[in-house]
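Comments concern the structure below.
Here the structure is a predicted model, which is why all the values come from computation and not from measurement.
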Amino acid sequence: MRSARFAVPRNASTVQCTHCRGVTRVERHGAVGFVRDVITNIAGGRRTRPQLPAGPRRFSEAGYPIVHGKKRALLVGINYTGTEDELQGPINDVNCMKFLLTLKYGFPSDCILVLTDEERNPYRRPTKSNILLAMRWLVYDCSSGDSLVFHFSGHGTQVDDQDGDELDGKDETICPLDGDLNGYIRDDEINEAIVRPLVHGVRLHAIIDACRSGTVLDLSNLWQKNKYGKFQWVDQNARTGAWKNTSGGHAILISGCAEDDDSQDGFGDDTMVMGALTYSFFAAAWSAHRPLTYGQLLSKTKAIIADCNSDSQSHCNLPAAIAPHVRKVVNFSGVQEPQLSSSEKFDINRKTFML
């Protein structure tokens, strides 16, 4: 690998590779702009960057699972224990999502990587560098027929957009455990890590239970109401023309709320607390006796959130191993509007939800 140095126009803030369409921020030195350390392996069709080293050796050093089969998942739950931003639900969310993936959808438990702040293994703690490395593990060497899941439960926020690719001038972020020290993980970084590497035939589902999470994968299409009150796909492509799409695969995001809304953390006394989106998604998926369309899943998830806000539990048909701990005490404050976005348009009332 070798670093490269390219001259760019004086006022340019980004540069786009003509081969891989990757977008890199410009590093300025005086009056001349350069992009450093853009590493492209054209023959192999892969692109890497020095700040995000990934590959079998790094995964082995971190003790991340050796993947077998066609299903793998990355689950990240951060309670921020001992801080003023502490939450009660995220680690429970991760445990329940693992339960759902293994028992309902057949994911091998040893192909699920879990990062939480109760872990003692330093590579399994949800720091910024560990989350980015784990994202690379999730998509590494993926191939047609693979089903990938990324679940994050924790804090999210917005920061000023630095490269002009956001319609609202804000980047959505997720907040790692060391975010105050090392920075948040921007939607640009998430898109680069787990969206762009998806090759033809690969499916990625991301379930993000966090505030400001509506478009946190920077996908091209958002399912949204128009001015006449009808739902339709709304174009979210970067206004700069920056390439944010997959390499032929399909990425779908189900997020806890719109990009300017808050996601609620459930609350209880001595029993298990869960985030609103994870709980409602879990209940909707688990209780389905036949495959749901994406439209049915989204509607059912929204209905359960609304139902729990009114203290009714008629929709919350959870498995016996979990229900006694959750059904009696999980409450929600405020109604959220879960969001659906996708790298490609599809008929949500015909396409079957599959993990």
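Counting heavy-atom neighbours within 6.0 Å of Lys225 NZ, excluding the residue itself, gives a total of 12 or less.
Contact of the Phe281 side chain with the Leu100 side chain is registered, since non-hydrogen atoms from C-beta on lie closer than 4.5 Å. In this structure the side chain of Val195 never reaches within 4.5 angstrom of the side chain of Asp218, judged on heavy atoms. Between Lys244 and Asp188 the shortest side-chain heavy-atom distance falls below 4.5 Å. Side-chain contact between Ile185 and Ile131 is present, with at least one heavy-atom pair separated by less than 4.5 Å. Side chains of Leu138 and Leu204 form a contact here, defined as non-hydrogen atoms less than 4.5 Å apart. A heavy-atom distance below 4.5 Å is not found between the side chains of Thr81 and Glu118. The shortest distance between side-chain heavy atoms of Pro291 and Met354 does not fall below 4.5 Å. Annotation: side chain of Val139 is not in contact with side chain of Met135 (no heavy-atom distance under 4.5 Å).
Classification of Arg125 and Asp178 as a salt-bridged pair fails, no side-chain N sitting under 4.0 Å from a carboxylate O. A salt bridge does not link Glu189 to Arg186: none of the charged side-chain nitrogens sits closer than 4.0 Å to a carboxylate oxygen. The pair Asp146-Arg72 meets the salt-bridge criterion, since a charged nitrogen lies less than 4.0 angstrom from a carboxylate oxygen.
With no hydrogens or angles considered, no side-chain donor-acceptor pair links Lys300 and Ser280 at under 3.5 Å. Residues Ser220 and Asn237 bring a donor and an acceptor atom of their side chains to less than 3.5 Å of each other. Side-chain contact, Asp110 with His68: a donor N or O sits under 3.5 Å from an acceptor N or O. There is a side-chain donor-acceptor pair under 3.5 Å between Asn191 and Arg196. With no hydrogens or angles considered, a side-chain donor-acceptor pair links Ser143 and Lys70 at under 3.5 Å.
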**Message:** Determine whether His250 and Phe346 satisfy the following criterion, side chain to side chain contact (heavy atoms under 4.5 Å, CB included), listing intermediate values before the conclusion.
**Reply:** CA-CA 11 Å; His250 190 187; Phe346 63 93; 3.9 Å; yes

**Item:** Worked verdict on Tyr279 versus Asp93 for side chain to side chain contact (heavy atoms under 4.5 Å, CB included)
**Value:** CA-CA 7 Å; Tyr279 175 79; Asp93 291 348; 5.8 Å; no

**Request:** Give the C-alpha distance, both sets of side-chain angles, the deciding distance and a yes or no for side chain to side chain contact (heavy atoms under 4.5 Å, CB included) between Ile174 and Ile190.
**Result:** CA-CA 9 Å; Ile174 57 175; Ile190 299 172; 4.1 Å; yes

**Asked** Stepwise, does the side chain to side chain contact (heavy atoms under 4.5 Å, CB included) test hold for Val94 with His151?
**Response** CA-CA 8 Å; Val94 161; His151 172 241; 4.1 Å; yes

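Two different hydrophobic clusters hold Leu222 and Val216 under the rule that ILVMFWY side chains link at heavy-atom gaps under 4.5 Å. Following chains of ILVMFWY side-chain contacts shorter than 4.5 Å, one can reach Tyr105 starting from Ile207, so the two form part of one hydrophobic cluster.
Evaluation of the ring-ring contact (aromatic ring centres under 6.0 Å, His included) rule for His205 yields Tyr294, Phe353 as partners, not counting sequence neighbours. Scored by the ring-ring contact (aromatic ring centres under 6.0 Å, His included) test, His155 finds Tyr80 as partners (sequence neighbours excluded).
Nearest heavy atom pair, residue Asn245 against residue Ser343, reads OD1-CB, 3.5 Å. Of all the heavy atoms in Gln88 and Asn92, the pair that sits closest is O-ND2, 3.7 Å. The heavy-atom pair separating Pro338 from Thr301 by the smallest distance is CG-CG2, 4.2 Å. The nearest pair of heavy atoms linking Asn79 to Pro90 is OD1-CD, 3.1 Å. The two atoms that bring Gly201 and Ser144 nearest to each other are CA-OG, 3.6 Å, heavy atoms only.
In this structure, the side chain of Trp137 does not engage the main chain of Phe59 through any donor-acceptor pair within 3.5 Å. In this structure a side-chain-to-backbone donor-acceptor pair under 3.5 Å is present from Glu86 to Gly82. Using modelled atom types, one side-chain atom of Asn221 and one backbone atom of Ser342 make a donor-acceptor pair closer than 3.5 Å.
The distance from the OG1 atom of Thr127 to the CG atom of Leu181 is 10.5 Å, given to the nearest 0.5 Å. For the atom pair CG of Leu74 and OH of Tyr64, the computed distance is 8.5 Å after rounding to the nearest 0.5 Å.
Sorted pairs that involve residues 180-200 and meet ring pair (Phe, Tyr, Trp, His ring centres under 6.0 Å), not counting sequence neighbours, are lacking altogether.
Ring planes of Phe282 and Trp286: parallel class, angle under 30° (limits at 30 and 60°).
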